[in-house]
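Have a look at the structure below, then the notes.
Just follow the structure's listing: the first ligand is 1, and inside any ligand the first atom is 1. Quick note: residue numbers are just sequence positions, from 1. Excluded from the calculations below are hydrogen atoms, water molecules and symmetry mates; all remaining heavy atoms, backbone and side chain alike, are included.
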Amino acid sequence: MSPLRLGINVDHVATIRNARGGTHPDPVRAAHTAVGAGAHGITAHLREDRRHIRDEDVARLVDELKVPLNLEMAATAEMIGIARRHRPHAVCLVPERREEVTTEGGLDVAGQRDRLRDACQALAETGSRVSLFIEADPVQLEAAVAVGAPVVELHTGSYCSARGPGQDREFARLADAAARADRLGLECHAGHGLDFETVGRIAAITTLSELNIGHFLVGAAVFTGLAEVVGRMLLLMEAARAGAPVTAR
Ligand code: PXP
């Protein structure tokens, strides 16, 4: 049985930061907090349009993190150049369409073998472990082996959004793909859309070795943390009115 690691995706912290254009909340600080809470790695997606993570975030994550950084990106010349300069522990190649809200669907590895073989080789040369974000599809798994990727990440989005028998079918597809990946000698990760409800069955698949989770956790952290920060703000306001020294930290 593979030990199961948790990678935290900090893109959504950057999305909130970018809404105001300043530096708060800092996704790198969120990464440190996640690591302090026991996360085994950090994931960040540098998109072509830089809508959340930016180049300087990647540089700081590479510099500061003591745990593996998994850089998600499209297999473009620009992104491959950035990854080769920064040499993150891992690179997860994802499909990317400018108009999508989040990564929709997996990479068509079978349909672009030559391009992805070159990308895997270029990234492996500078020491990054490459994973391919794919649907739980035997054809894509075989193609991942053929292009020389050591790792695949299975897209759990359809499983997470399905309900009832449809969700059972999606789960069976993921479980079969994880077993097949193992037989093919691929390290197998999973992610997208996972939350407290959906993580249990996925985490129980013994051939998975890593889950990458972001959106739900950043959203849930608002509810876990909001009472504490409101209380802190009230204390600061009351102290100010009482003429007491006010310290922000
Ligand atoms: N893994 C990959 C390859 C992704 O693209 C994403 C979303 O950026 C995730 C995991 C995390 O998904 P979510 O934010 O829905 O938990």
**Q.** CA sep, side-chain torsions, deciding dist, call: His155, Glu153, side-chain hydrogen bond (donor to acceptor under 3.5 Å, both in side chains)
**A.** CA-CA 6 Å; His155 198 312; Glu153 179 168 332; over 6 Å; no
Q.
side chain to side chain contact (heavy atoms under 4.5 Å, CB included), that's the test. Do Ile213 and Leu6 meet it? Break it down for me.
A. CA-CA 8 Å; Ile213 309 181; Leu6 172 61; 3.9 Å; yes
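For atom 8 (O) of ligand 1, the closest heavy atom belonging to the protein is Asn9 ND2, 3.2 Å. The protein atom (non-hydrogen) at minimum distance from atom 16 (O) of ligand 1 is Gly214 N, 2.8 Å.
Distances from ligand 1 to the non-hydrogen atoms of His12 include at least one value under 4.0 Å. Residue contacts with ligand 1 include Phe133, since one of its heavy atoms falls under 4.0 Å from the ligand.
Of the listed options His215, Glu72, His192, Glu72 places a heavy atom closest to atom 2 (C) of ligand 1. The closest non-hydrogen atom to atom 11 (C) of ligand 1, taken over Asn212, Val94, Leu154, Leu93, comes from Asn212.
In terms of polar-atom proximity, defined here as any N/O pair under 3.5 Å, Cys92 makes no such contact with ligand 1. In terms of polar-atom proximity, His45 is not counted as a contact of ligand 1, lacking any N or O under 3.5 Å from an N or O of the ligand.
A 4.5 Å side-chain heavy-atom check between Phe171 and Ile202 finds at least one atom pair inside the cut-off. Looking only at side-chain heavy atoms (C-beta outward), Leu71 and Val62 stay at 4.5 Å or farther from each other. The closest side-chain heavy-atom distance from Val28 to Glu64 is below 4.5 Å.
Counting heavy atoms closer than 4.0 Å to ligand 1, residue Glu153 contributes side-chain atoms (C-beta onward) but none from N, CA, C or O.
Within ligand 1, the atoms closer than 4.0 Å to a non-hydrogen atom of Gly193 are 12 (O), 13 (P), 15 (O), 16 (O), numbered from 1 in the order shown.
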Which pairs would a plain distance check flag for residues 10-18, meaning a side-chain donor or acceptor within less than 3.5 Å of a matching protein atom at least two apart in sequence or in another chain?
unit_1	atom_1	unit_2	atom_2	d
Asp11	OD1	His45	N	2.9
Asp11	OD2	Asn9	ND2	3.4
Thr15	OG1	Asp11	O	3.2
Arg17	NH1	Asp57	OD1	2.8
Arg17	NH1	Asp57	OD2	3.3
Arg17	NH2	His52	O	3.3
Arg17	NH2	Asp57	OD2	2.8
Asn18	OD1	Arg54	NH2	3.2
Asn18	ND2	Ala14	O	3.4
Asn18	ND2	Arg51	O	3.0
Asn18	ND2	His52	O	3.0

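Among residues two or more places apart in sequence or in another chain, the salt bridge (charged side-chain N to carboxylate O under 4.0 Å, His left out) test is passed with Arg117 by Asp114.
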